[in-house]
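Taking it in order: structure first as structure tokens, then the write-up.
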Amino acid sequence: MSMKILVINSGSSSIKYELFLMPQKAVLKKGHIDKIGEKGSLIRDHKQGLKLILEKLGYISCVGHRVVHGGEKFHSPTIINSKVIENIRALSALAPLHNPANLSGIIACKQVLKNVPQVAVFDTAFHQTLPEHAYIYGLPYDYYKKFKIRKYGFHGISHEYMLHEARRILNKPLNKINLISCHLGNGASISAIYKGSSVDTSMGFTPLEGLLMGTRCGDLDPALITYIMRLKKLRPGRIDEILNRESGLKGISGITNDMRYIKKAALKGNKRAQLALDIFVYRIRKYIGAYTAVLGNVDLLVFCGGIGENQRSVVSAISRGLFNNFKKKPKVCVIKTREELLIAEKAYDLVK
Ligand code: ADP
């Protein structure tokens, strides 16, 4: 039976949507609403925004929501009921910027669409297969037991989509695929996938760990945080802001977080833009090396995300000479990520 599945990605002041006819995978409509609740905006809240979207779409069979943090509770897509809403709300402590925004979309849909089934698909769920030795930090073990402090990993929907595409490209069953997947956008992460399961990933407790990103610093010596706080007399909120919004490509170049302009500036001889680019590339190569050791044998290295899909020179710089000494070289390719489609597929499988 065909179903019209609406996929919602709800941010703090935006709703992105894509409407699919499933199982045909046809995109019927897509769009977004920005600046919800902001000064001067005509749209007060998510409920009003959603009503506007639904007016254009007609009958919907089911809604699939992207939810950033599923903690250790959610390993797979889940039909949303009041208990699930409470659990997502409780996980807001782990993702204060994302989960409340995702919940606004879910609650608005519940209010407007009443009995239409809704499914939550979690960005962390794909990484719930990480072994303990990859997800426990070198902190007192009680911190994990009491406060759930551990590596969760993000971009899971995108990395899982890469795995499904790998099956098509390699013509192998999922449980025979070893994959290194690089999602390189403004946020960037890399995953090691062994026999079809995520076994390590560069983002951590939050999406700050790992690669150098548009405005996020990625890996640091943790002692630097308290050192900088004392040095500049900063409160925790301010250091969070610096690490998340003022670092990365933007912080190093002093120009922008956008790789297009970093490259242009570097070509014109701007040394800090070149340095930002070099660090971005170097760190990804370092992770690919580490994950090659983790996997032993790599079938495929894939790139996706705004930079991965569109910036050939960056992908070439990352891949250059990587597997030169290998007897059996992995395939390297670029795949356009379609997180919304994977959400629609998962919602369809659950509700059909
Ligand atoms: P987000 O993580 O916010 O979803 P994107 O995946 O859109 O971000 O990635 C943003 C990055 O991708 C920017 O650095 C930008 O330079 C690059 N990018 C996005 N689209 C293009 C494009 N069409 N051509 C070149 N670069 C692009």
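Counting starts at 1 for both ligands and their atoms, following the listed order.
Residue contact check for ligand 1: Gly187 places a non-hydrogen atom closer than 4.0 Å to it.
Between Tyr144 and Tyr135, a ring centre-to-centre spacing shorter than 6.0 Å is recorded. Between Tyr152 and His69, the distance separating the two ring centers is shorter than 6.0 angstrom.
The closest protein non-hydrogen atom to atom 21 (C) of ligand 1 is Asn310 ND2, 3.3 Å. The nearest protein atom to atom 19 (C) of ligand 1, hydrogens excluded, is given as Gly306 CA, 3.7 Å; this is a heavy-atom distance. The protein heavy atom nearest to atom 8 (O) of ligand 1 is Asn186 N, 3.2 Å. Taking atom 16 (O) of ligand 1 as the reference point, the nearest protein heavy-atom neighbour is Asp258 OD1, 2.5 Å. Remark: minimum distance from atom 14 (O) of ligand 1 to any protein heavy atom is reached at Met259 N, 2.9 Å.
A cation-pi arrangement is absent between Arg283 and Tyr287, since the terminal nitrogen or guanidinium carbon is not both under 6.0 Å from the aromatic centre and inside a 45° cone about the axis.
By the criterion of a heavy-atom distance under 4.0 Å, the side chain of Gln311, and not its backbone, is placed next to ligand 1.
Residues Arg238 and Glu246 are in side-chain contact: their nearest non-hydrogen atoms beyond the backbone lie under 4.5 Å apart. Side-chain contact between Asn270 and Ser253 is absent, with no heavy-atom pair separated by less than 4.5 Å. Using a 4.5 Å cut-off on side-chain heavy atoms (C-beta onward), Phe303 and Ile335 make no contact.
The shortest N or O to N or O distance between Ile307 and ligand 1 is under 3.5 Å. Considering both main-chain and side-chain atoms, Gly305 never comes within under 3.5 Å of ligand 1 through any nitrogen or oxygen pair. Remark: ligand 1 and Leu184 share no N or O pair separated by less than 3.5 Å (distance only, no angle test).
Side chain to side chain, Tyr161 and Glu345 fail the donor-acceptor criterion of an N or O pair below 3.5 Å.
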